[in-house]
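Notes follow the structure.
Chain naming here is simple, since letters A, B, ... match the order of the sequence lines and numbering starts at 1 in each.
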Amino acid sequence: MSKSKGNVVDPDYLIEKYGADTARVFSLFAAPPEKDLDWSDQGVEGGYRFLGRVYRLVHNWTSDDDVKEAKKDLVLLRNKTIKKVTDDLERFHFNTAISSIMEYLNVLQKETPKIPRADIESLVLLLAPFAPHIAEELWQHLGHQELIAHATWPTFDAAILNAVDSVKMVVQVNGVVRATLEVAPGLSQEEVSMAARRDEKVQKYLQDKNLVKVVFVPNRLINFVVS
Amino acid sequence: MTATQTVYEPKFIESKWQEIWEKQNTFHATEDTSKKKFYCLEMFPYPSGRIHMGHVRNYSIGDAIARFKKMRGFNVLHPIGWDSFGMPAENAAIERKTHPAQWTLSNIEAMKVQFKKMGFSYDWDREVATCLPDYYRWEQKIFLEMYEKGLVYKKKSFVNWCPKCETVLANEQVEDAGCWRCSSLVEQKPLEQWFFKITAYAQELLDDTYKLAGWPERVLTMQREWIGKSEGSEIDFEIEGHAGQKIKVFTTRPDTLFGATFMSIAAEHPLALQLSKGTEQERLVKSFAEKVAKMDRAQRLTQDYEKEGVFTGAYCLNPVNGRRMPIYAANFVLADYGTGAVMAVPAHDQRDFDFSKKYKLPMEVVIQPAGEKLDPLTMKAAFVETGLLVNSGSFSGMGSEMAKKEIVKHLEGKGLGKGTVNFKLRDWGISRQRYWGTPIPMIQCSHCGIVPVSENELPVLLPTDVEFTGKGGSPLKQIKSFVEVTCPKCQGAARRETDTMDTFVESSWYFLRYTSAKKNNGAFDKEAVKYWFQNPDGTFGVDQYIGGIEHAVLHLLYSRFFTKALRDLGYLPEGCENPLVISSRRGWSLKMAPR
């Protein structure tokens, strides 16, 4: 992997090879606005693959797949994701906004092909400020006559978010408590691990460390053992 | 449903939608009072030729915000333009034998293509290029109105001068005391320059830093430091043997006046030569002044600089205790800073302390910390804090703060000084001896003096038949058809001003021009400014400003000044004080690559 300051890379090369949407997603995802942008091939490739996955998911979805009664946790995730991306955009946290769209995509992929239209459309709408071309294309594919640029930003239902019982998850690094997270009950080890890694305090202790193992007690605790 | 493309092909998709957006004019903004406005402003780029990743990121951020707000139902104004005057074009002209206009305009075209390929949602109908007459003509008009109002003046001031390139250099273009292009030793040269009277607004600009909601604290602190208000007093010191002649100093510490044991004046201060004339010190003072003139100004103000000076042979008298104070020409005092003279209190100022040790000058302790006694013989450093006065006549025993007021009162009573406010902020020197900039619309007549170009003669166009050699000062000076004019007043032969304006002038009002970029009978439309700047609560400001923090002090300070001037010239809607107020917290805490 080559790594250097982003400014030596010619944007034309990026646009030519991966497209403008990837260049945009990469530049917003790689670092928060107040930090320097570090160039990485992996980062660009990752952005490109992410958009490709969105493209295929939406393209392979047909209205026949629409499910009338959505799973409860999917409804919750949709509302959560919309809230998160909206809040993050207001706060200039573009990197975390994009990463929650990525997580949303991961969950939807597992549901294929039984995905409610509301989820497919929310995914595309949330992506529009970051990757507007692919968003327009998919929006049209979903049967809309109007441009997504003129579409209305999705809203979330605060009542749904408030109704959820949450559990307090203790996050430890080498047995020392570094954070507690409020998460939905029943999350998998992978999901909790991802959430924990987003926490700044936890990040600090995991940085540049080798992960030896993870101890996971559902709804209670996660412990990262590092060396 | 369209033919299914199951493979993600960005090239196909992206050009398709860029064409549709362009054809439908999707991002064209019009004033619509039924909708809430959102003005998403990004610092406009210099057209260097190609976009870099810093641009991609900066403008991707702005675009994400603009598109998001549009989807949230706002009427979004998202304009773009080109900060297109400036030196790189002239240097390119010299190096590549092309014309700055051609170089700049083709760069704009190339970057525009790149911006469109990025899919940014700009309203291209509002595109602004500052190097075009339909932009700079209004700047010239504003300049004339500012002149009329007394906000523009010409005076001699010291500039960084490269003797080889025969041109003025900005402070940023002086590298290790040498010219950034040819490395020649840069000199300080007095030159007639045009100034904007930004100091007329110093207090207001400072006060506003406490009202600018939405600005990062870091930016505000930097601006306050740049404005640099200090309260103190002006004190007159009579010069011995020169009846009636006085040296005026500004000090924030009149409480230390009894401890002033010598006087430091700028080496280039006219007094330095005058006082030493005919004495055996004359030769020394002269050669010292020449040496200092070659030093870097910024460096002269730093702490770790070797402080040097020479005795002028003259003395002045301390107004409170009559002490004879030798007058030194010193390299750490600047002629155009404050009064160009500083009373030296070695016991209570580190610079004076070092200087007095070096030249064996007397030291007198006049401020004591509570419960301690300072001994000038054993002091290792100056005591710079406030404390209790000693050795200060009837003021001994007072605390510093009280003594400051009492000593000033005493001086005022005797007509030897007065309480004043001093600002670090200097007037904005906007003259550039450059071709590629907005011509300053002024004429020099040997009969009538300075005469402004009549308004109906605007714009003063930049001539195009110019040769670029990089030598001999501004190329405009060589063009007879430009320089030789008739005086608007007496119709006699006169010379046109060949200086152009600092490009920071253009960037001080482009955000106003965007609201009515095509207006051909004025700089911008007051109603359009009102619509795009006025917030629901009645205040004015853009909703988001995105750009690099490295521009925070100069661009934002100059813009704030310029809009104050525009307000006073009646250009702005009522109540519009600070158009660059932003409502968002994180507006420009961004890093952006240098040009």
Requested in this report: With a 4.5 Å heavy-atom cut-off (strictly below), which parts of residues 82-89 of chain A touch chain B? List them by number.
Outcome: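 Within residues 82-89 of chain A, the residues that come under 4.5 Å of chain B (heavy atoms only) are Thr86(A), Leu89(A).
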Query raised in the report: With only heavy atoms counted, which part of Phe26(A) is less than 4.5 Å from chain B, the side chain, the backbone, both or neither?
Result: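 Side chain of Phe26(A) only, per the 4.5 Å heavy-atom cut-off to chain B.
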Report task. Measure Ile148(A) against the heavy atoms of chain B and call it side chain, backbone, both or neither at under 4.5 Å. Result ->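 For Ile148(A), heavy atoms of backbone and side chain both lie under 4.5 Å from chain B.
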Query raised in the report: Using a distance-only test with no angle check, is there a side-chain donor-acceptor pair under 3.5 angstrom linking Arg560(B) and Gln223(B)?
Result: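 Yes, because at least one side-chain N or O of Arg560(B) sits under 3.5 Å from a partner of the opposite role on Gln223(B).
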Query raised in the report: Can you tell me if Glu42(B) and Asn58(B) form a side-chain donor-acceptor pair at under 3.5 Å?
Result: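 Looking only at side-chain atoms, Asn58(B) and Glu42(B) do not form any donor-acceptor pair under 3.5 Å.
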Query raised in the report: Taking every heavy-atom pair that is under 4.5 Å apart, which of Thr155(A), Val58(A), Val54(A), Leu147(A) has the most such pairs with chain B?
Result: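 Ranked by contacts with chain B, first place is Leu147(A).
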Requested in this report: Quick one: which of Thr22(A), Leu28(A), Leu14(A) has the most heavy-atom pairs under 4.5 Å with chain B, could you say?
Outcome: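 Top count of heavy-atom pairs under 4.5 Å with chain B: Leu28(A).
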Could you label the plane-to-plane angle of the [X] and [Y] rings as parallel, tilted or perpendicular, counting under 30° as parallel and over 60° as perpendicular?
X: Trp124(B); Y: Tyr122(B); result: perpendicular
X: Tyr39(B); Y: Phe533(B); result: perpendicular
X: His52(B); Y: His55(B); result: parallel

Query raised in the report: Heavy-atom distance under 4.5 Å to chain A: side chain of Lys117(B), backbone, both or neither?
Result: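 Both backbone and side chain.
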Query raised in the report: So, Lys37(B) and Asp543(B), do they make that salt bridge, N to O below 4.0 Å?
Result: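 Yes.
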Query raised in the report: Do Lys116(B) and Glu22(B) sit within salt-bridge range, that is, some charged N less than 4.0 Å from a carboxylate O?
Result: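 Salt bridge: yes.
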Query raised in the report: Which ring-ring contact (aromatic ring centres under 6.0 Å, His included) pairs, counting each pair once, include a residue from residues 105-137 of chain A, with sequence neighbours left out?
Result: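 Only His133(A)-Trp21(B) qualify under ring-ring contact (aromatic ring centres under 6.0 Å, His included).
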